[in-house]
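Residue numbers begin at 1 in each chain, while the letters A, B, ... track the order of the sequences. As the structure is a computational prediction, the values presented were derived from the model and not from experiment.
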Amino acid sequence: MASINFKDIEQKVSRFWEDQKLNQPETGKGEKKFITAAFPYPNSPQHIGHGRTYTITDIYARYLRMKGYNVLFPMAFHVTGTPILAMADRIREKDEELLDIFERIYHISRKESEKLTDPKDLVMYFSKEIEQGMNEIGLMIDWRRKFYSFDVHFNKFIEWQFRKLKEKGLIMQGEHYIPWSIKLNSAVGSHDTKGDVDPQMEQVVAIKFKFNDGYLVASTYRPETIFGLTNIWVNPNIKYVKAKNKEGEILYFSKDAAEILSNQIDLEIISEVDGKEFENKKATNPANGEEVPLFPASFVKSDVGTGIVMSVPAHAPFDYVALRDIGKENLSVKIIEVGNYGMPAKDVVEKFGIKDQNDPKLEEATKALYREEAHNGKMLVYKKGLPVSKAKEEVKEMLIGKNQAFTIWIIANAPVYSREGDQIIIKKVNTQWFINYGDKEWKDKSKKLLSGMSVIPEDGRKEMMATMDWLDKKACTRAKGLGTKFPFDQSQVIESLSDSTIYMSFYTIADKIKEFKPEELDESFFDYIFMGKGKPKNKTHEEMRKSFLYWYPLDSRHSGWDLVKNHLPFFIMNHCAIFEDRMLPRQIVLNGFVLMEGKKMSKSFGNILPLRDAIREYGADVVRFSVVAGAELIEDTDFSVSVASGVRERLEYILDFMEKEEGEEEIIDRWINAKFNRKLESLESNYDKFELRQISLDFFYEFYNDLNWYVSRKRTNPRLNGIMRKWARIMAPIMPFIAEHIWREKFKNKGTIFSERMPKPEKYDEDVVRAEELVKSLNDDIERLMGIVKKKPNKIYIYIPEQWKFELFEDISRIREMKGIMKEASAKYNDNMEFVSRVAKGLGNRLYTMEKPIPRKIMEDQLRDAKAFFSKRFGVEVIVENEENSSNEKAKGSTPIRPTIYLE
RNA sequence: GCAGGGGUCGCCCAGCCUGGUCAAAGGCGCAGGGCUUAGGACCCUGUCUCUUUGGAGUUCGUGGGUUCAAAUCCCACCCCCUGCACCA
């Protein structure tokens with residue numbers, strides 16, 4: 001088998017494409033298609049997962065080009081946000097973990113990576129790397145339009161966008177809670193934390209218990225259990241404070257808690273209180289006015305919640321065990337009925353066999369009971385029979401309404417530590433800027449647009465609709481990060497999901513805008529280009545307007561499935577807010593991820609396969625094929641060495657037929673042509689619907705199997721050049737290098753294959769295909785029979801049924817109903833009623849669906865043609881005989897859908 | 001809690017929208033055979049149960065229903081996964 005030098009082919013073909021300017025469409029020439037994929041964030045080299053979205057986009061671009069469109073597929077780099085800044089900081093701090101990843105996975109030497117302490121250098125390093133990878137994988141990108149989202153020209157564009165949003169009343173200011181690091185003095189995302197943990201926010205209820213001159217504050221997830229309160233836990237070994245809130249109420253917290261919470265609520269600390277001072281005191285339960293004792297507990301942590309814990313031993317395993325440890329478990333008051341528990345917490349603790357407060361199983365027991373009660377619990381007090389899930393909300397509202405409780409935000413997955421080592425807290429920001437995605441009118445217009453767009457796969461539309469339903473105010477600025485300064489507050493930077501919503505329009509002018517100085521890019525400049533307001537400043541300015549009008553609207557937007565809940569709805573909504581109706585996007589195409597040997601790729605698993613490594617190893621076309629052919633569009637696809645090498649080997653096998661001298665035309669040539677043409681019928685619709693998996697099955701895997709069968713049936717040399725010429729064009733979008741190569745080298749064409757059209761299906765003979773199915777099933781039957789007989793026969797007989805049986809089967813396929821068939825048959829085939837009824841019954845359900853049998857002549861020709869094949873395969877003489885010429889009793893059972901075989 | 005997705009023959013997964021050709025494609029695994037010094041790779045065959053070509057019986061989360069006919073349509077229930085934002 002010929003081994004292909006992919007590397008040589010890729011380089012040669014790349015050069016040719018460059019000469020042809022295949023990727024540089026002329027503005028205004030013919031009917032256009034403008035397609036984009038989500039631009040990358042260059043904080044690492046791309047891996048094969050990124051390759052999937054881009055490959056799908058490129059396949060579409062090339063396919064559209066082969067349909068005669070003038071196609072623009074541009075690319076840029078999204079550098080907005082903080083992760084790259086954080087990364088540069090870490091490099092400066094010589095973060096061992098990060099440097100190790102750079103060395104091991106990204107193949108960047110320590111020396112080199114230690115130089116990348118300027119965020120800009122990081123951006124340039126990785127973007128160059130990514131750009132090279134995109135070229136190597138064969139993306140038809142028009143690089144003349146490349147830009148970075150921190151480019152000053154782009155900044156001006158984004159400022160323009162935000163002024164437009166503000167004019168429409170979609171920008172607003174208000175208070176907002178965010179995860180915060182005191183040491184970093186900034187909001188934190190996962191990239192700012194130790195171990196890349198994403199800090200999760202959660203709201204809990206803080207209940208006030210009358211105590212002395214003020215209130216003890218205890219936070220809880222389960223306000224409804226307040227009715228089962230028996231005591232309050234305080235830790236005698238930690239420091240507490242007495243503080244005053246805005247309303248002048250005295251509140252007690254642990255000292256740490258007060259410090260953390262002072263970032264959320266206004267607190268004035270009055271004095272420190274020792275934990276021991278709470279001993280032997282009592283506080284009042286606001287829900288029922290009962291006095292409960294304060295008990296000392298070492299498990300109460302100073303920096304969790306408020307440092308004061310309410311105790312409900314009937315329903316909280318922790319509280320039960322803690323009370324049991326001091327011999328007071330009998331205090332439990334049951335307030336929730338659930339399952340067949342007597343005393344829920346007690347029963348669960350005993351079921352889990354928990355010894356004391358320090359038992360690690362306690363956590364598990366708590367979770368189990370909480371879930372059970374939340375789902376199936378019913379209140380015994382307050383409102384008898386009320387489900388716990390409802391009571392939780394009601395009691396919370398009730399307590400807050402009576403000023404007996406308030407809500408606070410906590411880190412749900414605490415403790416999370418920042419890079420600097422301090423614990424992440426929640427801070428309230430009073431002057432946060434928002435985009436108001438909750439605006440009703442805006443939402444409605446956007447949903448209307450979405451319902452008219454093409455979304456592939458269709459499920460994505462539902463998800464985006466649902467997202468738009470709950471979308472509300474979205475914080476759009478932050479204090480730090482690369483990107484564009486917020487025009488209405490220069491201390492803020494526009495956040496990354498907010499500056500990437502209409503950037504596709506910028507591509508249409510990105511090449512020419514560089515001719516202008518930044519200060520020229522004022523309001524009127526963009527108003528003219530994108531809205532047609534006013535007059536052009538000069539010729540270039542006028543051309544930019546034309547370019548926008550030519551390329552927009554966007555014909556197809558491609559991204560991973562994960563952007564469905566954020567970027568894509570923003571993309572749609574911002575287009576609706578800014579542009580005229582005729583400029584709104586037309587299609588969204590979504591795809592799933594790539595798994596590596598069945599596992600999610602991640603830095604921690606160390607199983608990231610960089611795209612360029614994969615290309616070097618397997619060749620660009622094989623990688624392209626492997627990442628798109630293995631699964632349905634939205635499903636995750638698995639990349640594995642065995643898949644890639646399997647693809648490569650099959651490809652080499654198929655290409656092997658290219659140069660062979662052609663043999664004579666035989667029946668089996670009609671067969672392979674028929675099968676090929678049948679698949680061709682659905683080719684274009686499969687491309688249009690992104691059924692790339694189906695195309696790969698049809699024209700790669702199954703085609704490969706067909707070739708195998710074809711070769712085994714063919715007596716003379718293969719005769720496949722006609723098919724192969726078509727095959728190259730069919731596969732060209734998916735495997736462009738190989739396709740271009742064979743188009744020009746093997747078939748000696750001058751131009752590029754991408755100026756050709758997809759082949760159209762020709763008429764074919766369906767009967768030949770069905771007759772060949774018969775040959776295949778006969779082949780299987782003979783094999784099975786020989787296996788059963790366990791003896792090699794002298795001769796194999798195949799009996800072609802008599803003509804009247806073909807007529808009978810035709811009648812059956814027309815009537816498709818037992819009684820009618822028997823009626824018709826008794827008139828026509830009276831002598832053979834026994835055969836007819838046996839056959840008809842034997843058909844079972846197939847009676848309802850049977851197709852017309854193939855003509856006897858065709859069956860005869862095909863089986864006689866296959867004689868040589870059978871003989872060779874089974875090593876014995878094969879005799880194909882007509883039923884009427886045979887004296888063998890077995891021959892009488894032969895039918896048009898299953899000719900009888902007889903082994904002698 | 002809210003939203004979205006899903007439960008298929010050892011595993012992964014297609015089919016269900018447009019009911020019948022579905023005992024249910026494909027891949028992996030496993031078994032046998034071929035090829036090889038051997039292993040790997042590759043090729044062929046088998047892989048729900050019973051059955052000497054036919055065929056029969058039980059299957060598609062659970063329980064109902066519609067239909068001549070349901071993995072496919074309808075209803076109820078159980079279980080699992082993902083996301084919930086200021087983060088790219």
Side-chain angles (χ1 to χ4, degrees), chain A residues 1 38-44 78-84 176-179 187-192 198-201 374-375 389-390 392-393 429 432-435 437 458-460 462-467 469-478 481 494-498 500 561-567 569-570 595 598 630-632 634-638 640 642-643 645-646 649 653 693-694 697 701-702 705 708 712 777-778 780-790 816-818 838-839 841-851 873 890 893 895 897-898 900-903:
Chain A
M1 197 187 291
F39 55 2
Y41 186 75
N43 67 338
S44 64
H78 195 211
V79 303
T80 306
T82 53
I84 289 178
H176 192 56
Y177 295 85
I178 43 173
V188 287
S190 57
H191 50 270
D192 295 308
D198 193 28
Q200 281 160 16
M201 292 170 33
H375 285 152
S389 50
K390 288 221 173 74
K392 185 171 289 193
E393 276 310 301
V429 180
Q432 176 64 50
W433 291 92
F434 299 94
I435 296 176
Y437 289 113
E458 187 57 38
D459 284 356
K462 228 195 289 173
E463 186 102 5
M464 285 189 277
M465 283 287 182
T467 305
D469 275 336
W470 60 256
L471 270 180
D472 198 6
K473 293 192 293 273
K474 148 98 183 135
C476 63
T477 65
R478 47 186 306 170
I494 294 169
E495 159 287 330
S496 68
L497 283 171
S498 302
S500 58
W561 174 250
D562 54 329
L563 300 188
V564 142
K565 290 180 198 81
N566 43 48
H567 165 258
F570 299 156
L595 304 177
E632 302 288 321
I634 22 137
E635 297 296 330
D636 292 350
T637 188
D638 192 16
S640 69
S642 63
V643 168
S645 51
E649 272 159 30
Y653 176 86
R693 181 180 141 92
Q694 192 58 45
L697 284 175
Y701 289 110
E702 282 177 19
N705 288 341
N708 264 329
S712 72
S777 73
L778 282 172
D780 293 348
D781 285 347
I782 294 170
E783 263 170 15
R784 204 176 313 137
L785 263 181
M786 283 172 74
I788 289 161
V789 176
K790 294 236 164 61
R816 297 187 172 185
E817 184 268 316
M818 195 56 133
R838 207 179 66 230
V839 164
K841 273 185 205 145
L843 282 172
N845 277 338
R846 289 182 65 189
L847 195 68
Y848 297 97
T849 56
M850 214 179 65
E851 287 180 68
R873 193 166 174 94
K890 293 253 179 195
T895 70
I897 55 170
R898 190 173 202 127
T900 300
I901 305 156
Y902 179 67
L903 306 189

Every protein N/O within reach of nucleotides 72-75 of chain B N/O, cut-off under 3.5 Å:
none

B:C48 -> Watson-Crick or G-U wobble partner, both distances under 3.5 Å, gives B:G57
Partner of B:U66 under the Watson-Crick or G-U wobble criteria, both distances under 3.5 Å, comes out as none
Under a 3.5 Å limit on both distances, the Watson-Crick or wobble mate of B:A14 is none
Expressed as a whole number of Å, how far does the C1' atom of B:U8 sit from that of B:C79? 16 Å
Q. Expressed in whole Å, how much space separates the P atoms belonging to B:G55 and B:U67?
A. 30 Å
Taking every heavy atom of A:V79 against every heavy atom of A:P42, the minimum-distance pair comes out as CG1-CG, 3.9 Å
Please give the distance between the C1' atoms of B:U82 and B:C17 as a whole number of Å. 24 Å
Shortest non-hydrogen pair, A:P179 vs A:M201, comes out as CD-SD, 3.5 Å
Check whether any side-chain nitrogen or oxygen of A:K462 sits under 4.0 Å from OP1 or OP2 of B:G5, and answer yes or no.
-> yes
Worksheet item: Which word best sums up how the rings of A:F39 and A:H78 line up, parallel for under 30°, tilted for 30 to 60°, or perpendicular for over 60°?
Response: parallel
Checking N1-N3 plus N6-O4 or O6-N4 for Watson-Crick, or N1-O2 and O6-N3 for wobble, each under 3.5 Å, the partner of B:U82 is B:A3
With B for base contact, S for sugar-phosphate-only contact and - for none (protein heavy atoms under 4.0 Å), nucleotides 6-13 of chain B reads --------
For B:C42, the nucleotide meeting Watson-Crick or G-U wobble distances (both under 3.5 Å) is B:G34
I'd like the C1' distance from B:A3 over to B:G40, given in whole Å.
49 Å
- [ ] Provide the distance between the two C1' atoms, one in B:C9 and one in B:C68, to the nearest whole Å.
- [x] 27 Å
Across all chains, not counting sequence neighbours, the side chain to side chain contact (heavy atoms under 4.5 Å, CB included) partners of A:E632 are A:E635, A:E691, A:R693
Residues A:I84 and A:Y41: closest non-hydrogen pair is N-OH, 3.0 Å
Apply side-chain contact (heavy atoms from CB on, under 4.5 Å) to the pair A:N708 and A:Y653, showing each step before the final yes or no.
CA-CA 10 Å; A:N708 264 329; A:Y653 176 86; 2.8 Å; yes
Partner of B:A88 under the Watson-Crick or G-U wobble criteria, both distances under 3.5 Å, comes out as none
When rounded to whole Å, the CE to C1' distance for the pair A:M464 and B:G4 reads 13 Å
To the nearest 0.5 Å, atom CG of A:L595 lies from atom CG of A:D638 at 5.5 Å
When rounded to whole Å, the CD to P distance for the pair A:Q694 and B:A14 reads 13 Å
Separation of B:C42 atom C1' from A:N705 atom CG, nearest Å, is 14 Å
(request) With P as the reference atom in both, quote the distance from B:C77 to B:U59 in angstrom, rounded to an integer. (result) 25 Å
Polar pairs (N or O, both sides) under 3.5 Å between protein and nucleotides 83-88 of chain B?
unit_1 : atom_1 : unit_2 : atom_2 : d
B:C86  : O2     : A:K474 : NZ     : 2.9
B:C86  : O2     : A:A475 : N      : 2.7
B:C86  : O2     : A:A475 : O      : 2.6
B:C86  : N3     : A:A475 : N      : 2.9
B:C87  : OP2    : A:R478 : NE     : 3.3
B:C87  : OP2    : A:R478 : NH1    : 2.1
B:C87  : OP2    : A:R478 : NH2    : 2.6
B:C87  : O5'    : A:R478 : NH1    : 3.2
B:A88  : OP1    : A:R478 : NH1    : 3.3
B:A88  : OP2    : A:S496 : OG     : 2.4
B:A88  : N6     : A:N566 : OD1    : 3.4
B:A88  : N6     : A:N566 : ND2    : 2.3

Scanning both residues in full, the closest heavy-atom pair of A:P569 with A:T467 reads CG-CG2, 3.9 Å
Integer angstrom distance from the C1' of B:U72 to that of B:C80
22 Å
The reported gap from NE2 in A:H176 to CZ in A:F434 (rounded to nearest 0.5 angstrom) is 5.0 Å
Exercise. With heavy atoms under 4.0 Å as the rule, sort A:K392 into base, sugar-phosphate or nothing.
Key: nothing
Here the distance between atom C1' of B:G27 and atom CD of A:E702, to the nearest Å, is 14 Å
Step by step, work out the side-chain contact (heavy atoms from CB on, under 4.5 Å) result for A:K473 and A:I435. CA-CA 6 Å; A:K473 293 192 293 273; A:I435 296 176; over 6 Å; no
A:D198 meets the salt bridge (charged side-chain N to carboxylate O under 4.0 Å, His left out) criterion, sequence neighbours left out, with none
Taken to the nearest whole Å, CG/A:L697 to P/B:G26 is 10 Å
Atom CG of A:D638 and atom P of B:A14 are separated, to the nearest Å, by 13 Å
A:V429 versus A:I178: any side-chain heavy-atom pair under 4.5 Å? yes
Hits for side chain to side chain contact (heavy atoms under 4.5 Å, CB included) against A:K474, two or more places apart or cross-chain, chain-then-number order -> A:Y437, A:E495, A:L497, A:S498, A:F570
Pairwise C1' distance for B:G63 and B:C12, with rounding to whole Å = 28 Å
Partner of B:A23 under the Watson-Crick or G-U wobble criteria, both distances under 3.5 Å, comes out as none
